[in-house]
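This report refers to the structure that appears directly beneath it.
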Amino acid sequence: MSESHYVLAIVGAGPSAVYSMERLAALASAGRLTKPLLIHVFDKGGNFGDGEVHSARQSQVSFLNRIAGQVSFAADETIKGANPLLEPEYRLNLAQWCGQRYAETHDQRYSVGAADWPKRYVHGEALRHHFYAYVGLLRKAGVKVVLHPLEVVDIDTSSARIELLCGDSSSVGDVDQVLLVTGHSWNDPQLDKRRHGKAEHAKRAGVEYIGSAYPLERGLTVEAAPAGSVVACEGMGLTAIDIVLYLTEGRGGTFITEGSEVKYVPSGDEPSRIIPFSGSGLFTFARPDNHKQVDLALYEHRGVFLTKQAVDIIRAHRGEPGREGTQVDFERDIFPLVLLEMALLHATTLFGGDTRGYLRQTVEESVSAFLSASIAQAPASAEIAQKQLQEEIARIAALIDQRLDGTISLEECRVQANGWDFGLAAASFVHCVWGKAARAPVGTVVAAEQPRRYLTSESPFGLAPRALESPFDWDRTIRPIPGSACDTPERYRAAMLEFFGQDDTAAARGNLAHPAKAAADGVWRDLRDVLAHAVDRGGLTPSSHRRFLEVYMRHHNRLANGAAREVMAKIRAVAECGLLDVGVGPGGSVRLDDKGYMISGPLTGYEGHAGVLVDATVHAFDPRLDTAVLYRNLLNRGVVRLWENVGGEGLSEIFVPGGLDLDESFSPRGASGKVDSRITVLGPPSEGVVFFQLGALRPEQNHHVMQDILTWVAKLDAEGLLTASDTAVPR
């Protein structure tokens, strides 16, 4: 059969496999195939559609990190080059799918709206549903699909057609194209120098080291972390949050809501204490309620200072030679634009969109000078632009404060507000800080003789009542707990609990109305494609690339990639009941001793012992360290090689982030440098050469995940599998 068929192999059956099968189903259903097609799909756990990470069978306590309306499974009209499209019934977003399931079953699990945060296993169910729906469409169109619940351990590329070798010693040969979409991976502690010592210590001391918590039901068993044990979590991001919920709610504890407060009631089967620690000493911040979803085209932020064009100008003026093109320094060249953009968004959220054009025009000349500055001039030039923007924002704020204090007339304010509408700006500030002004319309407040008499002294949204007290401050943004609260564990615990409350209040105001949340969401999420434009394929110098991943990606994750308010309310509740000990503070570290693990906080003076240590950090993909042998075998045989960011004087500086060396079509370069176009690698193994490849498909976005799938589809077209029109019929 394989001699007459064009044969595809898809290795990994998680979300990216679903998106790939969707495109194949659309093409086959439209009669776009020129020859019979055979598709082999491999997944070592047999989780076809959901994969291991998104398994429909996982614990029901973990949440997806995106609202249901922002998750889809199929190409839509916004995807450039995605032709044809399936019928609408096959391309529902997650919220629509849940709505359909709820109507059929009345099961509360599916009572999920577009702005709700769904459970991860529900997403897994939806992925499985769509995968098998697309398999059905393919088979109906005459395509043969074979599902293999097997692990692919090696790929033989020595012949004209490829052979896949499986873990049970079987093989599948005569394959024309292989798509590797293996998804998230974890590093083996025995191979990883950073983790090896802890794993060996656990054996010697008779304590527990869990090098990877996922899947939770396998990594965090009752035997590994028994009731009454002390569990330390190295890391305070989304993985740590999953761990805390699994060890509490997943052990039978319950969360109850009393008014606006969430309380945790232990079951008695939890560890006695969970100690999270990290360099920042902070969990990720709560994701704001998403108010952009109603009209993404209108509300998603478009860059003013941080744009692809700005990056290109900087690269042209002070780009340094790298192996793949000119390189820039993120901190020197790109981060100043991030700060300008965040400051602008922060200010225009406070003072309204009418001030945006004015502020942009005010600093246009100085920003232009920064873009074209030399390497030596750039830092001073950036400082001039930032200071100029800050001073102009402060002038607007001072004028609004004077009016609300009644020390200057509305008419005089309008005269001084040359280039922007004072009335609109003052009204926007009042709305932002107080919502609807107490006892009077906003216009009345702004025009009153003593405006502040109409306003309550405190903002219900936790914002400063004076405009000058609300500047954008990067240091305060990333370090919201003051140093004065870091001197003892008790003070730090109290400060953390207070911050949980403040952060929830800010998140409840949403990603359009709260200045800090709007600035973080609008820059670090909405402008992620601009950041990718700066970073991808050696766009940063090697040293800057390393620092970007080690420092700025952590800021990104904390500011804009956190958990939902509902999730963070649970984390706060577990901390309030004392089971979650948040007293370690910044700079937390672990020491190995005979009793297990000593967790220390250098600023707070915290010290606490744990008998279980869980690595709650994100494992960067590295084929040399991977728990799966596939990429290690491919690397050892020279089928793939590691990507290197090469730059510096004489191209002597090298940074190896861990991902594979892939060409523009995501085909791997082997040890000799030769590209094998028969193989396509998408997802985490491409991290390094490209930026932020983790994420579910988004609707109405021309999303990069589907564009990457289309890059693979273009290879099939180039090989003659597809026709340009809907005429071919598979046989």
Side-chain angles (χ1 to χ4, degrees), residues 58-59 61-62 186 189 194-195 197-255 264-284 489 492-493 496 563 567-568 570-585 588-601 604 606-619:
Q58 69 182 280
S59 165
V61 302
S62 296
W186 295 274
R194 193 175 75 82
R195 297 176 172 90
K198 296 168 186 172
E200 290 301 306
H201 169 74
K203 293 177 183 178
R204 291 193 304 270
V207 292
E208 194 73 35
Y209 176 64
I210 302 170
S212 170
Y214 295 110
L216 296 172
E217 54 272 20
R218 190 170 70 210
L220 289 171
T221 62
V222 174
E223 292 73 25
S229 61
V230 178
V231 177
C233 280
E234 186 173 7
M236 296 179 70
L238 296 176
T239 300
I241 290 169
D242 277 351
I243 290 168
V244 172
L245 294 181
Y246 188 74
L247 292 176
T248 53
E249 190 176 17
R251 294 279 181 94
T254 55
F255 291 96
Y264 180 68
V265 181
S267 68
D269 292 331
E270 305 93 340
S272 63
R273 192 159 41 121
I274 304 170
I275 309 172
F277 65 97
S278 69
S280 69
L282 297 166
F283 282 99
T284 57
Y492 194 77
R493 287 189 193 100
M496 276 284 284
V567 175
M568 296 312 298
K570 291 182 175 183
I571 297 299
R572 180 186 183 186
V574 179
E576 285 178 330
C577 82
L579 200 156
L580 180 66
D581 187 346
V582 293
V584 177
S589 63
V590 59
R591 233 175 30 249
L592 310 181
D593 63 24
D594 293 340
K595 296 180 181 179
Y597 308 96
M598 173 64 80
I599 312 304
S600 302
T604 62
Y606 181 99
E607 289 205 337
H609 263 108
V612 183
L613 177 63
V614 187
D615 188 330
T617 60
V618 175
H619 292 198

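In this chain, numbering begins with 1 at the start of the sequence shown.
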Of all heavy-atom pairs between Ser600 and Arg591, which one has the smallest distance, and what is that distance?
-> OG-NH1, 3.2 Å

Do any N or O atoms from the side chain of Arg251 and from the backbone of Glu270 form a donor-acceptor pair under 3.5 angstrom?
-> no

Test item: Tyr264 side-chain N/O and Leu579 main-chain N/O as donor-acceptor pair under 3.5 Å | no

side-chain hydrogen bond (donor to acceptor under 3.5 Å, both in side chains) evaluation trace for Glu234 with Tyr597 | CA-CA 11 Å; Glu234 186 173 7; Tyr597 308 96; over 6 Å; no

Take Met496 and Leu580 through the test side chain to side chain contact (heavy atoms under 4.5 Å, CB included) and record every step on the way to the result.
-> CA-CA 12 Å; Met496 276 284 284; Leu580 180 66; over 6 Å; no

Search all heavy atoms of Ala227 against all heavy atoms of Gly268 and return the closest pair with its distance.
-> CB-O, 3.9 Å

Stepwise side chain to side chain contact (heavy atoms under 4.5 Å, CB included) check, Val207 with Lys595 = CA-CA 8 Å; Val207 292; Lys595 296 180 181 179; over 6 Å; no

Work out which heavy atom in Thr284 is nearest to a heavy atom in Ala563; give both atom names and the distance.
-> OG1-N, 3.8 Å

Looking only at heavy atoms, which two atoms of Leu592 and Gly197 are closest? And how far apart?
-> CD1-O, 4.0 Å

pair Val584-Tyr492: side-chain heavy atoms closer than 4.5 Å | no

Ser272 side-chain N/O to Gly228 backbone N/O, donor-acceptor pair under 3.5 Å = yes

Min side-chain heavy-atom separation Leu613-His201 under 4.5 Å = no

Are the side chain of Ser59 and the backbone of Val61 linked by a donor-acceptor contact shorter than 3.5 Å?
-> yes

Working to the nearest 0.5 Å, report the span between CD of Glu217 and CD of Gln58.
-> 7.0 Å

State, with a plain yes or no, whether a side-chain heavy atom of Trp186 is found less than 4.5 Å away from one of Asp615.
-> no

Solution key, residues 236-246 side-chain donor-acceptor pairs under 3.5 Å, sequence neighbours excluded:
unit_1	atom_1	unit_2	atom_2	d
Asp242	OD2	Arg120	NH1	3.0
Asp242	OD2	Arg120	NH2	2.9
Asp242	OD2	Tyr214	OH	2.6

Criterion side chain to side chain contact (heavy atoms under 4.5 Å, CB included) against Val574, the qualifying member of Val582, Leu247, Thr248 = Thr248

For Pro276 and Phe283, the nearest pair of non-hydrogen atoms, with its separation, is CG-CZ, 3.8 Å

Considering all heavy atoms, the nearest Pro489-Thr604 contact = CD-O, 3.0 Å

Atom pair NE2 (His609) and CG (Asp594), whose distance is rounded to the nearest 0.5 Å = 8.5 Å

